[in-house]
Amino acid sequence: MDEKQLLMIPGPTAVPQSILLAGARPMVNHRGPEFKAALDECTRGLKRVFQTSHEMYILTASGTGGLEAAIVNMLSPGDLVLSVSIGVFGDRFADIAETYGARVEKMDFEMGQAADPEQLRTRLSQDSGKEIKAVLITQNETSTGVTNDLAAVGAIVREHGALLLVDGISSLVAMDCQMDAWQIDVLVAGSQKAFMIPPGLCFVAINDRAEAAMKQAKIPRFYFDLGKAKSYLEQGQTPWTPAVPQVFQLQAALKLLEKEGMTDCFGRHARLARATREGVKALGLKLLADEAHASNAVTAVRRPTGVAVADLRKLMREKYGVVLAGGQGTLKDEIFRIGHLGYVGEADVIATLGLLGLGLKELGVDVDPAAGVGAAVSSLGG
Ligand SMILES: *Cc1c(COP(=O)(O)O)cnc(C)c1O
C-alpha cells in the first residue's frame, strides 16, 4: 500500500479529490475566455480569503517567488528595511531583501518565541528620520510552529509609516489574517499550504500605499513586475503563461472554502492544533513553541532523548505511512514537525498521534502508546 500515505507535513499538503479532478481537464488558451472567467473568479475569491478590497495577483511560482515579488516591487537598492524574524522563513525574507541590495537590519527572536511587538515599537519610535522603509515579518513561522500577533504589529508599523510586508504563506486559510483591518500593505500566500492545491502558485495582495511605493521602487524586475501583472489582469490575463491547471484547482478550492465558511475553517484548524499539542504532550514530548503563541497550522516537537529525528521519521513513513517533517536550519536534528493545515480532519490527527505512540515505543521510549490518542480525543470532545 505504498500509495496510501498520511501526509502530515506543512506543505505540500493533501489535496481533496474534487480539487485534483479540477486540474484534470483539457488545456485551454490562457488568453481566451475560459481562463479569463477562472482568473476573475479566483481573484475575487482570494480577496475574500485575504480580507482585502485591494489588488490581488496570482503568480506562477512557489511561495518564495511571492516574497521576491514583494521585495523587488516595493524597494530600491540601499533602502533600510527592518526584518523581524522568529525562524528560517523570516530569515529567508531578509535574505531576499539583502540579495537585491537593501540594507537589512535584523530583529531576531529566539526559536520558539513570537516577536515582541513592544520591541518593534521601541525601535520604530527611535527612527525619527523615517529611514526605515519597510518592516518584513512572517505571520506563521513554519519552521518553529509559532504565530506572530499581526494585529498589534500592523498598528505599530502604521503609526511609524513604514510599509508592512507579510509572509502569510502558511497562515492564510489556516488562521485569521485581516489584511485591511490589520493594516498590512503587502501580503503573500502560497498554493500548497492551507489552500489544499498542489505547488505552483503564489498570491500577492497589495494595497494603495504599496501601489504608490511600487511606482518609486527601483530594484530591477521583470518576471515578477506587478505593474505588468496589473495591466494584464485588467484584460483577464497574466503577463506570462500561468500554471493553468492550478488556477482551475484554486477555483475549486475557493468553492470548498466558501462552503465551509472561513470562521469554521479557522475553528477547525484551531481545534486540530490543540488536539495535536495535547496528544504530543501526553506522549511525554515537549513542544518547541511557547504555547501562548503556538501555531494552528503546524506543531514543532522536540525529539525525545535517545531518539534520532531521522529514525523516527523513517519508521513512521515506512511502517505506518505517516509522513512527518524534520526540523530546519539549526533545529534540523532537534525537532520534528506535524503539519495540520489544509485538507485535514480529526481522523488524520487521531491516526497520527496513535501511530506516533507506537513508533516511539518501538524506538525504545518508555511511553503508553495510546496516551496521545486519549488526550487528543478528550481535547476534541471537550
Ligand atoms: C513554505 C513557506 C515558504 C516557502 O514557500 P515555497 O513555496 O517553498 O517557496 C515561505 N514562508 C513560509 C512561512 C512557508 O511556510
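First listed ligand is number 1; within each ligand, the first listed atom is number 1.
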Expected output: side-chain R271 to main-chain S379 donor-acceptor under 3.5 Å: no
In terms of side-chain heavy atoms, does S143 have a donor or acceptor partner in Q328 at a distance below 3.5 Å? no
Provide, to 0.1 Å, the distance between atom 11 (N) of ligand 1 and the closest protein heavy atom, together with that atom's residue and name. D167 OD2, 2.6 Å
Geometric N/O contact T138 with ligand 1, under 3.5 angstrom: no
Which ligand 1 atoms, with their elements, are less than 4.0 angstrom from a heavy-atom of S62? 6 (P), 7 (O), 9 (O)
Within-cut-off N or O pair, G63 and ligand 1, under 3.5 Å: yes
Short N-O contact, E131 and R103, less than 4.0 angstrom: yes
Looking at Q192, which atoms of ligand 1 are within less than 4.0 Å of one of its heavy atoms? 6 (P), 7 (O), 8 (O)
Using side-chain heavy atoms (C-beta onward) and a distance below 4.5 Å, is L331 in contact with T144? yes
May I ask you to list the atoms of ligand 1 that are less than 4.0 angstrom from any heavy atom of S170? 13 (C), 15 (O)
K130 atom NZ: more than 12 heavy-atom contacts under 6.0 Å: yes
Starting from atom 13 (C) of ligand 1, what is the nearest protein heavy atom, named by residue and atom, and what distance separates them? T142 OG1, 3.2 Å
Given the rule in the side chain to side chain donor-acceptor pair (under 3.5 Å) test, do Q139 and S171 qualify, once you have shown the distances and angles that lead to the verdict? CA-CA 6 Å; Q139 184 182 12; S171 55; 2.7 Å; yes
Only heavy atoms of R92, strictly under 4.0 Å: list the atoms of ligand 1 that pass. 4 (C)
Ring-plane angle category for Y232 and W240, please: parallel below 30°, perpendicular beyond 60°, tilted otherwise. tilted
At under 4.0 Å between heavy atoms, is it the side chain or the backbone of E141 that contacts ligand 1, or both, or neither? neither
Atoms in ligand 1 flagged as close to N140, the criterion being non-hydrogen separation under 4.0 Å: 13 (C)
Does the pair H30 and T238 meet the rule for a side chain to side chain donor-acceptor pair (under 3.5 Å), with working shown? CA-CA 8 Å; H30 68 296; T238 55; 5.9 Å; no
Heavy atom of the protein closest to atom 2 (C) of ligand 1 (residue, atom name, distance): K193 NZ, 2.5 Å
Pi-cation contact, F203 with K47 (under 6.0 Å, within 45°): no
How does T64 reach ligand 1, if at all, at less than 4.0 Å between non-hydrogen atoms: by side chain, backbone, both, or neither? both
contact_flag Q139 ligand 1 heavy-atom lt 4.0 Å: no
